[in-house]
Amino acid sequence: MTVIGGGIAGLCAAIAARRSGASVRLLEAAPRPLRGGNARHGRNFRLTHETPLDYVPDTYTAAELRAELRSITGDTDRALTELLIERADSIAGWLIDHGVHLQPPGTGVMPYSRRTAFPLGGGKAMINALYVAAERLGIVISYDSEVRSLCHDDDGWTISVRSATSDPAISTRSIVVCAGGPGADLAWLRENFGSAADGWMVRGTPYSDGRMLDLLIAAGGRAIGDPTMCHVVPVDARGPQFDGGIVTRITSIPLGLVVDRSGAPIDVAGAGAQPSHYAKWGPRIAACPGQLAYLVLDTQGLARAAPSALAPVTAPNLGELAAALQIDPTALLPSIEGFNAAPANAARSIAEPPFAAYPMRPGLTFVHYGIKVDATMRVVQADGRRHDDLFAAGMIMAANVLRRGYLAGLGITLSAVFGQIAGEEAARHVRG
């Protein structure tokens with residue numbers, strides 16, 4: 001059998017299938033140094049637990065996860081949602097069994113969380129550990145391997161591959177597609193989100209370009225979700241177009257004032273200071289002229305801000321800060337005066353020099369659009385039928401559960417859980 005995609009879903013599918021007795025080849029579009037998809041940027045993953053554990057404090061029950069999912073996702077596939085909840089208590093143990101180390105609570109700079117666990121060394125260390133496990137199990141891994149076409153007949157599938165490390169045509173009895181969604185296809189983003197998408201940044205890998213989603217739909221697969229809905233957050237505008245990951249996210253907005261490039265203040269009703277505030281600010285910045293905004297802080301706000309990958313723009317006074325940002329000071333200074341005069345902002349006034357600012361753009365995490373699957377991760381066709389030998393897992397099918405919204409750490413959990421199920425089911429098909 002063949003797994004397409006070398007991120008967390010693909011690795012979990014490949015390992016689960018191999019442990020179930022199947023011979024497995026994994027095709028990764030990225031070169032080896034960039035392997036791992038968006039999970040290599042991951043910081044944590046969501047899990048349920050009835051007692052405190054070595055890597056997560058207190059408790060977080062299945063009932064709590066169910067309630068939180070229902071509050072943010074709207075109409076979803078209930079069977080798949082329940083499957084995710086049911087297996088969310090085993091994901092940490094499975095990862096540990098395959099070489100992933102988890103960080104003890106209260107160590108390092110990670111925040112307190114009873115809902116999520118943190119891989120020691122971050123997502124890249126987690127991905128590297130799983131690749132080691134895959135290699136030890138005898139999984140054949142081909143990097144720089146871009147799938148160009150899929151062809152099905154009575155004997156299974158033929159995969160056409162453009163690769164320097166793999167055969168150009170691979171015959172296989174079953175396929176698990178774990179290649180991510182279409183978020184890195186800039187032309188696709190422009191088509192679905194308009195010209196404003198030209199000012200966006202893509203937080204993850206450029207190899208999650210939607211090619212495999214297109215191939216699945218062309219093969220008769222049923223699309224699910226809304227291609228015009230996405231998860232977008234504020235990121236540092238000076239970061240890379242792709243692959244900035246979590247380190248470019250700006251999380252200190254509650255500590256200062258946001259202005260657009262004209263110096264006018266902007267706000268988001270109800271954003272507050274909750275950990276999810278950044279998910280509300282992303283769309284607001286996407287609506288700004290030029291998709292550009294600035295977070296302005298004084299020295300007190302900057303001292304309270306979380307560490308950032310890129311140092312802020314700083315100046316000894318607000319006039320010089322405005323000049324450095326190329327904002328008219330006659331617009332910026334009244335905005336700050338009005339902000340400071342509001343009673344609600346007394347604890348975060350912008351008054352003590354030196355002053356600082358972060359330029360921000362919207363950073364795309366994922367799109368709420370993908371391929372429909374059933375509870376065995378088989379791809380559902382437009383006419384309701386299923387291929388017994390075609391599966392999908394990870395963010396390419398996340399819209400079955402996430403029609404809108406997001407919960408911190410859910411992407412890795414969803415990808416790992418559904419990747420394991422897809423691998424197990426694909427191996428069962430091959431053995432059968």
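Positions are given from 1 along the sequence.
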**Prompt:** Have Thr251 and Arg249 got a donor and an acceptor in their side chains that come within less than 3.5 Å?
**Reply:**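 No donor-acceptor contact under 3.5 Å links the two side chains.
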**Request:** Verify whether one side chain among Thr76 and Thr81 offers a donor that lies under 3.5 Å from an acceptor in the other.
**Result:**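 Yes - a donor-acceptor pair under 3.5 Å links their side chains.
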**Item:** Non-neighbouring partners of Ala117 that pass side chain to side chain contact (heavy atoms under 4.5 Å, CB included), sequence neighbours left out
**Value:**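 Only Phe45, Leu47, Tyr55, Leu102 meet the side chain to side chain contact (heavy atoms under 4.5 Å, CB included) criterion with Ala117.
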Kindly say whether [Y] contributes a backbone atom to a donor-acceptor pair with the side chain of [X] at under 3.5 angstrom?
X: Ser208; Y: Thr205; answer: no
X: Glu28; Y: Gly36; answer: yes
X: Ser145; Y: Tyr143; answer: yes

With a 3.5 Å cut-off and sequence neighbours excluded, list the donor-acceptor pairs that the side chains of residues 299-307 form with protein atoms.
unit_1: Gln300; atom_1: NE2; unit_2: Glu352; atom_2: OE1; d: 3.1

[X]: side chain to side chain donor-acceptor pair (under 3.5 Å) partners, not counting sequence neighbours:
X: Arg348; result: Asn345
X: Arg162; result: Glu146
X: Thr172; result: Thr2

**Prompt:** Is the closest basic N to carboxylate O distance between Asp198 and Arg190 below 4.0 Å?
**Reply:**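 Salt bridge between Asp198 and Arg190, a charged N being under 4.0 Å from a carboxylate O: yes.
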Name every donor-acceptor pair, under 3.5 Å, that has one atom in a side chain of residues 92-101 and the other anywhere in the protein, sequence neighbours excluded.
unit_1: His98; atom_1: ND1; unit_2: Trp94; atom_2: O; d: 2.8

